[in-house]
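What follows is one structure encoded as structure tokens, with my remarks underneath.
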Protein chains: 2
Amino acid sequence: MNKPIGKTDASQKTPVNQPKTARGEATRNAILGAAERVIGAKGYSDASIGHITSEAGVAQGTFYIYFKTKEEVFSELVLEMGRLVRHTISEATQGIENRLEAEKAGLRAFLEFVKAHPDLYRIVQEALFVDPDAYREYYGAFADGYRTGLTEAEAAGQISIGDPDTRAWALMGIARALGEQLVVFNSETPISELVASAYDLIENGIKP
Amino acid sequence: MNKPIGKTDASQKTPVNQPKTARGEATRNAILGAAERVIGAKGYSDASIGHITSEAGVAQGTFYIYFKTKEEVFSELVLEMGRLVRHTISEATQGIENRLEAEKAGLRAFLEFVKAHPDLYRIVQEALFVDPDAYREYYGAFADGYRTGLTEAEAAGQISIGDPDTRAWALMGIARALGEQLVVFNSETPISELVASAYDLIENGIKP
DNA sequence: ATGAAACATGAATCAGTATTCATGTTTGGT
DNA sequence: ACCAAACATGAATACTGATTCATGTTTCAT
């Protein structure tokens with residue numbers, strides 16, 4: 001025992017208490033799930049620890065066994081959301097050869113995900129204020145994904161030449177706006193229609 | 001005194017205290033300006049009334065002469081921002097006949113405005129949590145503007161046929177994303193380049 | 001010039017809630 | 001079966017900050 005390693009050595013984050021038993025694991029997950037629902041519904045500052053723990057069915061003090069602060073659950077939520085969305089999208093685009101088709105399928109998967117998890121949107125948005133780094137990481141990773149796809153597609157001659165960076169941001173912006181239309185503005189437009197007209201625009205532009 | 005009319009009858013909003021003298025007007029504006037700076041810098045919940053009033057150079061109680069609650073200044077700020085942006089854009093597009101060119105000039109003006117007033121972005125974003133109605137109104141009006149422009153351009157044969165609604169949301173999403181790149185991600189890319197490549201995409205799409 | 005309405009003050013109130021802690025209870029390896 | 005580590009509890013702590021209020025001061029229409 002001569003290595004006074006701090007915590008689990010990992011990579012700085014989640015430095016406090018990883019559960020060590022099945023019971024702990026379950027409780028932690030219960031809290032995380034409750035936090036997602038409560039923060040998603042009421043917003044970060046209106047969601048009290050009391051609300052979260054009572055939704056999770058545990059005592060208030062239990063919260064601090066697994067999370068150092070209120071902010072920490074929030075950050076973890078954002079991280080997890082990011083992983084989930086990326087996973088969903090990469091799943092949906094598996095094996096699609098044509099990049100353009102892949103992007104289209106990715107957009108559809110994204111919109112479907114967002115519609116199924118409306119809390120996601122709010123939580124990630126609020127990260128800009130609660131945990132800006134997590135916010136930047138989330139959208140940075142998103143933009144990177146687009147940029148990579150675009151660069152490869154350009155190299156493969158599947159799309160025209162153009163600045164991949166701005167294009168990446170633009171495509172991401174489109175995805176976000178359509179997602180917002182669904183979640184914040186409760187649009188009735190079916191996802192397939194959104195995807196179709198968005199990709200008509202993306203592919204052909206609006207020149208007559 | 002037989003008409004127990006609630007408040008000033010007006011249209012529900014700003015029902016409290018419109019200043020009635022020049023002094024009052026000045027004080028109110030000082031508070032509003034301070035609120036913009038402080039809330040923009042620290043975010044809604046970290047910006048206390050104390051911070052705002054001390055930045056404005058008035059006593060804490062003075063705040064409540066002009067605003068019923070903390071939320072109320074915020075809402076007013078969002079409203080004013082919306083007016084300002086729309087005004088800036090319409091100014092910049094005055095007299096441009098070709099719709100496509102007008103949209104392009106509008107995007108440039110928008111990005112320039114956002115870069116000059118980075119607080120705008122944060123405040124409007126935060127409205128989704130502090131005052132969702134103001135948020136929806138802001139972006140709703142924005143989308144309407146785009147939709148109208150697109151519909152007219154379509155009728156005039158200046159752009160191809162396509163769903164104006166989704167297109168409006170998509171274009172708005174692009175503008176937002178580029179603005180965010182400037183403000184949140186501190187991109188160095190000059191605005192004219194952003195506008196140029198964005199509009200290359202919007203006009204021609206990415207088909208090879 | 002003057003008094004009622006406007007405006008300004010800042011200390012006191014009041015409520016909410018993140019975090020800690022002293023005290024039990026449960027678990028799992030031996 | 002046993003006990004040290006994990007886990008759980010919920011009341012108490014501690015602090016922040018929005019809003020109110022009783023008391024002055026300034027403005028402006030007459």
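Throughout, a chain's letter reflects where its sequence line sits, starting with A, and its residues are numbered from 1. Everything numeric here is computed off the predicted structure, so don't read it as measured data.
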Which nucleotide wins on minimum distance to the side chain of [X], given the candidates [options]?
X	options	answer
Ile65(A)	dT27(D), dC7(D), dT19(D)	dC7(D)
Lys20(A)	dT9(C), dC7(D), dA18(D)	dC7(D)
Tyr64(A)	dA18(C), dT9(C), dA18(D)	dA18(C)
Arg23(B)	dT27(D), dT19(C), dT9(D)	dT27(D)

Is Tyr66(A) near enough to dA8(D) that one of its side-chain N or O atoms lies under 4.0 angstrom from OP1 or OP2?
yes
Side-chain donor/acceptor of [X] to backbone N/O of [Y], under 3.5 Å:
X	Y	value
Arg122(B)	Gly40(B)	yes
Glu126(B)	Phe129(A)	no
Tyr44(A)	Glu71(A)	yes

Please state how far atom [atom1] in [X] lies from atom [atom2] in [N], giving the value in whole angstrom units.
X	N	atom1	atom2	value
Ile49(A)	dT20(C)	CD1	C1'	13 Å
Glu72(A)	dT19(C)	CD	P	10 Å
His51(B)	dG17(D)	NE2	P	7 Å
Ile52(A)	dT19(C)	CD1	P	11 Å
Tyr44(B)	dG17(D)	OH	C1'	12 Å
Phe74(A)	dA18(C)	CZ	C1'	17 Å
Gln60(B)	dA22(D)	CD	P	18 Å
Phe67(B)	dT20(D)	CZ	C1'	18 Å

Using a 4.0 Å heavy-atom cut-off across all strands, classify [X] as base, sugar-phosphate, or nothing.
X	answer
Ala47(B)	sugar-phosphate
Thr21(B)	sugar-phosphate
Gly24(A)	sugar-phosphate

Select from Gly61(A) and Thr62(B) the residue whose nearest nucleotide in DNA chain C is closer to the 5' end of that strand.
Thr62(B)
Cation-pi check, Arg176(B) onto Tyr139(B) ring (under 6.0 Å, within 45° of axis)
yes
More 5' along DNA chain D: Thr27(A) or Ser48(B), using each one's nearest nucleotide?
Thr27(A)
Is there a side-chain contact between Leu84(A) and Phe113(A) in this structure, where contact means two heavy atoms from C-beta onward sitting under 4.5 Å apart?
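Sidechains of Phe113(A) and Leu84(A): in contact.
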